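A quick write-up on the structure given underneath.
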Amino acid sequence: MIAIIDYGAGNLRSVANAIALLGYDAKITSSPDDIVKADAVFLPGVGAAADTVSSLKAHGLDDALKEVIARETPFFAVCVGLQVLFEETEEGGGCQCLGLLPGKVRKLPAGVKVPHIGWNNVKNTRAHTLFNGIDDDSFFYFVHSYYVEPDLGTEVIGTTDYGLNFTSAIARGNLVATQFHPEKSGAAGLKMYDNFLKSAIRGN
Amino acid sequence: MLTRRIIPCLDVTGGRVVKGQSFLNLRDAGDPVALAKFYYEQGADELAFLDITATVESRKTMASIIAELSKYVFMPLTVGGGIRTIADMREMLLSGADKVAINTAAVARPELITEGAIKFGSQCIVVAIDAKRSGEGKWVVRTHSATQASNLDAVEWAKKAAEMGAGELLVTSIDSDGHQKGYDNDLNRAISESVSIPLIASGGAGTPDHLYDALTVGKADAVLAASIFHYGTYSISQVKEFLARKGVAIRR
């Protein structure tokens, strides 16, 4: 079973629609039990980090996330879903995140318009199955004001320039996460979800 | 490099796309789901849907349209018209919208901007401003589909909306809307230079040159257009090719 985590916000429908179009069944769920048993887990993200962290905790999902990441269940986090995995964020005057990955979330620098909204290139900086069949420097859709600054232990597999060169895709074991929204990025984004699901569900 | 966005706008009433002039004289322009698919395949960067009826019933119709088309259309969707509460915003976001545009409700109660930004993130909250020229370098904000005047100066209101937590501004020139004689680039530039959030220019596109002017002279980050696309005067790819040739950063 593919689980899409429902924490009361987030663009769940778009992620579910993308997975359905690719020919997989997914279940939108807020049950920790479902998530722990899933073959693959998506953590979508639209929202504010503080609100997302408190919603996840209120649903008892923080421990479930910790467990699936520890046992290497294939896991895909998007946008704020990526950010809340880190230790802390500058958003909202500073707040603690889930601390499942080492590193911090910072505000995009002054001098460019923030939020960063629109289609921007992603440079694939390290070979990874997520980018199979996707041209380097392809355009993906971004909409965010903060970016992650991972510490050691997380592979940076994609970067993007906007005000600075920031991390736009990461991998660690079976966990992958993107700052951009594959479910909003047309053919390239659908291909990225397909790559993830192929390796997660079919093992290739 | 971040590219400038070309955004077809679908004004929806009674489940159909319509287009008017200065918010009046509406003409039918098609089925919203079919048009959305068409623009997605053509390479539009984003789609905007404005519910111009703005009743509880029409909002439900809009939500079901968005839910249906988001099965096939994997690109950003902004929905506006009649959105007054956090619950309205959530309904649209759960239907598949990525951003909600608020206009009259934000003027009536600016705190709605902040509440939406706290709940869903600033990037979700687009403040739509309908502005009418009131003198040299002066524009006044109108509400209720431009039928009612407010006492707000458009540039001052734009600054306040940004401070309150808006993630983006959708600025429509009431004078230019639907006339296809170009955007009000004095208005666009005045606002774009006063805020540090992206600006979508709207109202007046008739030729690719008008879009170019809005992105350069008007300093807009994105351009919204309806008639030139709906009636097939220009295709998205024609417009994108034109802009790219003129040196604008465009996704192709």
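Order of the sequence lines fixes the chain letters, A, B, ..., with proteins taken first and strands second; residue numbering starts at 1 for each chain. The model shown is predicted, which means the values in this text are computed figures rather than measured ones.
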- Message: Minimum heavy-atom separation for Ser14(A) and Gly96(B), please, with both atom names.
- Response: OG-O, 3.8 Å
- Task: Take atom OH of Tyr40(B) as the centre, draw a 6.0 Å sphere, and report whether it contains more than 12 heavy atoms from other residues, nucleotides or ligands.
- Result: yes
- Query: What distance separates Glu183(A) CD from Asp98(B) CG, expressed to the nearest 0.5 Å?
  - Reply: 7.5 Å
- Identify the heavy atoms of Ser95(B) and Arg13(A) that sit nearest to each other, and give their distance. O-CD, 3.0 Å
- Which atom of Pro115(A) lies closest to which atom of Gly167(B), heavy atoms considered: CD-O, 3.2 Å
- Message: What I'd like to find out is whether the side chain of Lys184(A) reaches to under 4.5 Å of the side chain of Leu77(B), using heavy atoms alone.
- Response: yes
- Query: How many angstroms lie between CE in Met75(B) and OG in Ser185(A), if you round to the nearest 0.5 Å?
  - Reply: 10.5 Å
- Query: Between atom NZ of Lys119(B) and atom CG of Asp51(A), what is the distance when rounded to the nearest 0.5 Å?
  - Reply: 3.5 Å
- Please report the shortest heavy-atom distance between Lys219(B) and Lys113(A), naming the atom on each side. O-NZ, 4.4 Å
- Query: Would you say His181(A) and Pro76(B) make side-chain contact, with heavy atoms under 4.5 Å?
  - Reply: no
- Task: Identify the two heavy atoms, one from Tyr162(A) and one from Leu2(B), that lie closest to each other, and give their separation to 0.1 Å.
- Result: CE1-CD2, 3.4 Å
- Message: Pro198(B) and side chain to side chain contact (heavy atoms under 4.5 Å, CB included): which single residue from Ile117(A), Val114(A), Val143(A) fits?
- Response: Ile117(A)
- Item | Residues in residues 60-68 of chain B that sit under 4.5 Å from chain A, counting heavy atoms only | Ala67(B)
- Task: Would you mind telling me which of Val112(A), Asp137(A), Asn120(A) has the largest number of heavy-atom pairs within less than 4.5 Å of chain B?
- Result: Asn120(A)
- Message: Working to the nearest 0.5 angstrom, can you tell me the gap between Tyr193(A) OH and Phe74(B) CZ?
- Response: 10.0 Å
- If one checks every heavy atom of Ala18(A) against chain B at 4.5 Å, the contacting part turns out to be both
- With chain A, which of Thr3(B), Val73(B), Leu199(B) has the greatest number of heavy-atom pairs at distances under 4.5 Å? Thr3(B)
- Query: Distance from Phe139(A) atom CZ to Ile250(B) atom CD1, nearest 0.5 Å?
  - Reply: 9.0 Å
- Heavy-atom proximity to chain B below 4.5 Å, by part of Ser145(A): neither
- Task: Would you mind checking which part of Tyr72(B) comes under 4.5 Å of any heavy atom in chain A, side chain (CB onward), backbone (N, CA, C, O), both or neither?
- Result: neither
- What residues of residues 109-116 of chain B sit under 4.5 Å from chain A when only non-hydrogen atoms are counted? none
- Query: If we only count heavy atoms from C-beta on, is the Asn17(A) to Lys71(B) side-chain gap below 4.5 Å?
  - Reply: yes
- Task: Look only at the side chain of Asp161(A) and the backbone of Met1(B), and say whether a donor-acceptor pair between them is shorter than 3.5 Å.
- Result: no
- Check the surroundings of atom NZ in Lys37(A): do more than 12 heavy atoms from other residues, nucleotides or ligands lie under 6.0 Å from it? no
- Task: Report the option among Glu46(B), Glu168(B), Lys99(B), Arg5(B) that has the most heavy-atom pairs separated by less than 4.5 Å from atoms of chain A.
- Result: Arg5(B)
- Message: Under 4.5 Å from any heavy atom of chain B, what part of Ala187(A) do you find: side chain, backbone, both or neither?
- Response: backbone
